[in-house]
Asks: 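Below are the structure tokens for one structure; questions will follow.
Start at 1 with the first residue, then count along the sequence. Atoms within a ligand are numbered from 1 in the order they appear, just like the ligands themselves.
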Amino acid sequence: MTHSLYVHIPFCNEICSYCDFCKVLYQSQWVDDYLDKLDEELYQKEENLLYTIYIGGGTPSSLSCMQLKRLMNMLKYYSYRVKEYTVEVNPESMNEEKLKILYDGGVTRLSIGVQTFQEELLEPLHRRHHNKDVFDLMTKAKEIGFQNISIDMMYGLPYQTQKHIQNDLQIIKSLDIQHISYYSLILEEHTLLDIQHYQPIDEEKEYYYSQMIKKALYDMDFIQYEVSNYAKNGYESLHNLVYWHYEDYDGIGLGAHGKVQNRHYENTQSLTQYLKGNFLKKDIELTKEDQMFETVMMGLRLVQGISLNYFFEKFNQSIEDVYGNVIQKHIENKLLKYENESLIATSKGLDLLHEILIDFL
Ligand code: SF4
């Protein structure tokens with residue numbers, strides 16, 4: 001096993017209208033069976049002490065107290081030296097007892113699914129919490145001892161106006177939190193919003209909102225360190241940095257994936273198969289070209305970009321030798337730049353990363 005582990009808990013109490021993650025509706029018996037298999041999968045990995053653990057979903061907090069305790073115990077052995085241990089939680093499915101179970105299990109960081117503080121916008125998303133649930137959860141978490149709290153926010157939501165986003169930012173200003181992931185809603189195929197023919201906001205508006213959010217968060221001392229992620233100084237997500245630095249990690253659970261040296265593996269997304277113990281869907285060998293491209297794809301998401309030395313040491317070739325023409329083109333149109341011995345996407349480049357990466361590909 002590598003030093004970073006992602007654990008997927010696919011159960012949710014309700015399905016959000018925009019969601020295309022790997023998830024199923026909560027059923028207690030399924031969860032018990034799932035935890036049996038998760039344990040089995042974990043056992044198959046080579047033992048190792050972990051640097052980061054991230055339990056995501058789905059909704060890990062949809063588990064009952066007993067189930068959550070079991071999950072914590074399962075991972076306890078690996079977590080003695082953990083630097084960051086995150087669990088994603090939804091406000092309506094949390095309570096004080098669950099918070100204590102997580103804290104006693106060694107969890108150091110909570111990632112709370114908020115999306116917006118404008119309650120009338122939550123209904124069309126099929127999110128069932130109230131602001132009070134979020135505030136109570138944060139207060140209790142602090143009382144118990146959590147010192148690292150992140151929230152997930154979204155813009156480009158159905159019926160959301162500029163005023164709504166400004167109100168969200170005002171509320172964020174009053175919170176004692178350390179990290180924010182602020183995503184633009186991406187309309188995915190076959191989601192309820194897609195079926196309802198929701199029209200996403202146009203690119204111009206999206207750019208305008210993203211700049212507005214960036215500026216407001218900057219004024220609150222949140223430093224943007226990745227396309228959609230902002231942190232107070234020293235609170236960048238260590239686990240997610242492992243992905244963006246293109247380091248190795250393992251994943252267990254439904255639909256989870258991992259990268260170990262030059263191999264990338266992906267688990268089945270079928271709960272039936274997973275519960276039968278057929279965990280793996282594919283395991284592919286990455287060519288040097290794949291790895292170079294993925295290093296660029298992940299690294300350019302970071303505000304500090306890709307270290308030129310790091311690239312050279314990893315591939316024994318300079319990034320200019322491999323991608324010189326593309327880099328030059330995007331330096332000329334001011335989407336990329338060299339700074340601090342790194343290749344960096346400019347502020348405009350970060351917003352147009354998708355187009356840049358198509359050229360690298
Ligand atoms: S809670 Fe998260 S994983 Fe579950 S349906 Fe909503 S967005 Fe998807």
Asks: Quick one about E84 and Y54 (side-chain donor to acceptor, distance below 3.5 Å, no hydrogens or angles considered), yes or no?
Replies: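 No, because no side-chain N or O of Y54 sits under 3.5 Å from a partner of the opposite role on E84.
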Asks: Taking atom types as modelled, is there a side-chain donor on H8 or Y6 under 3.5 Å from an acceptor on the other?
Replies: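 Side-chain D/A pair, H8 to Y6: present.
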Asks: With a cut-off of 4.0 Å, which atoms of ligand 1 are near a heavy atom of R127?
Replies: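 By the 4.0 Å cutoff, the relevant atoms are 1 (S), 6 (Fe), 7 (S).
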Asks: Who pairs with H330 by ring-ring contact (aromatic ring centres under 6.0 Å, His included), at least two apart in sequence or on another chain?
Replies: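 Result, ring-ring contact (aromatic ring centres under 6.0 Å, His included) vs H330: none returned.
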Asks: Using only heavy-atom distances, determine whether the side chains of S61 and N90 contain a donor-acceptor pair under 3.5 Å.
Replies: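 Side chains of S61 and N90: no pair found under 3.5 Å.
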Asks: For atom 8 (Fe) of ligand 1, state how many protein N, O or S atoms fall inside a distance shorter than 2.8 Å.
Replies: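 That number is 1, waters not included.
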Asks: My understanding is that only residues two or more places apart in sequence, or in another chain, count here; which of them pass ring-ring contact (aromatic ring centres under 6.0 Å, His included) with F315?
Replies: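 For F315, the residues satisfying ring-ring contact (aromatic ring centres under 6.0 Å, His included) (neighbours in sequence not counted) are F311.
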Asks: Does the Lys NZ or Arg CZ of K37 fall within the cation-pi geometry relative to F279 - under 6.0 Å from the ring centre and within 45° of the axis?
Replies: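 No, K37 does not sit over the ring of F279.
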Asks: Answer side chain, backbone, both or neither: which part of E14 comes under 4.0 Å from ligand 1, heavy atoms only.
Replies: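 Contact part for E14 vs ligand 1: backbone (N, CA, C, O).
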Asks: The criterion is ring-ring contact (aromatic ring centres under 6.0 Å, His included); which residues satisfy it with H130, sequence neighbours excluded?
Replies: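 For H130 there are no ring-ring contact (aromatic ring centres under 6.0 Å, His included) partners, ignoring immediate neighbours.
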Asks: Considering only heavy atoms of N90, which atoms of ligand 1 have at least one such atom less than 4.0 Å away?
Replies: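 Counting atoms of ligand 1 from 1, those under 4.0 Å from N90 are 1 (S).
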